[in-house]
Amino acid sequence: MVREHLVISGRVQGVFFRDSCLRAATRHGVAGWVRNLPDGRVEAVFEGDADAVSRMVTWAHEGPRDAHVRHVEVREEPPEGLTGFRIRSTPRFG
């Protein structure tokens with residue numbers, strides 16, 4: 001089991017990125033979450049089988065049809081044993 005924490009920048013909000021991510025993760029059997037950030041980026045955590053997580057990281061570099069991904073920051077983290085995949089609410093800063 002592996003865990004990757006991503007921060008995706010570009011035109012990634014308002015293009016069904018989170019919903020598409022949820023569908024792709026469910027299709028690949030990956031656990032974790034995705035959420036919009038207040039600064040216009042999207043944050044996601046993918047946890048599961050190494051091949052499935054790798055497919056999700058590859059997917060994040062493209063996103064859904066109307067997205068324009070400019071950069072994906074990926075960092076490996078210790079797995080937490082997450083189950084299921086969900087859309088989280090946007091964090092509040094300040």
Are [X] and [Y] grouped together when hydrophobic residues (ILVMFWY) are joined by side-chain heavy atoms under 4.5 angstrom apart?
X: Val69; Y: Val15; result: yes
X: Phe17; Y: Phe46; result: yes
X: Val53; Y: Val7; result: no
X: Leu37; Y: Phe85; result: no
X: Val42; Y: Trp33; result: no

Report yes if the side chains of [X] and [Y] come closer than 4.5 Å at any heavy-atom pair, otherwise no.
X: Met1; Y: Asp49; result: no
X: Met56; Y: Val30; result: yes
X: Leu6; Y: Val57; result: yes

What's the separation between atom [atom1] in [X] and atom [atom2] in [Y], rounded to the nearest 0.5 Å?
X: Ile8; Y: Arg70; atom1: CD1; atom2: CZ; answer: 13.0 Å
X: Glu77; Y: His5; atom1: CD; atom2: NE2; answer: 5.5 Å
X: Arg18; Y: Gln13; atom1: CZ; atom2: CD; answer: 7.5 Å
X: Ser20; Y: Arg27; atom1: OG; atom2: CZ; answer: 9.0 Å

Which atom of [X] lies closest to which atom of [Y], heavy atoms considered:
X: Gly32; Y: Leu82; value: CA-CD1, 3.7 Å
X: Pro38; Y: Pro91; value: CG-O, 3.2 Å
X: Ala60; Y: Val72; value: O-CG2, 3.8 Å

Any salt bridge between [X] and [Y], counting N to O under 4.0 Å?
X: Asp51; Y: Arg55; result: no
X: Glu43; Y: Arg41; result: no
X: Arg3; Y: Glu76; result: no

task = Please answer whether the main-chain N or O of Ser54 pairs with a side-chain N or O of Thr58 as donor and acceptor at a distance below 3.5 Å.
result =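 Between the backbone of Ser54 and the side chain of Thr58 there is a qualifying donor-acceptor contact (under 3.5 Å).
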task = Mark yes or no for whether Glu47, through its side chain, and Gly81, through its backbone, hold a donor-acceptor pair below 3.5 Å.
result =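 Pair found, side chain donor or acceptor close to backbone of Gly81.
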task = Inspect the surroundings of CD in Glu62 and state if more than 12 heavy atoms from other residues, nucleotides or ligands are less than 6.0 Å away.
result =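 Result for CD/Glu62: open.
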ask   = Has Arg88 got more than 12 heavy atoms of other residues, nucleotides or ligands less than 6.0 Å from its CZ?
value =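 Yes, CZ of Arg88 has more than 12 neighbouring heavy atoms, counting only those of other groups under 6.0 Å.
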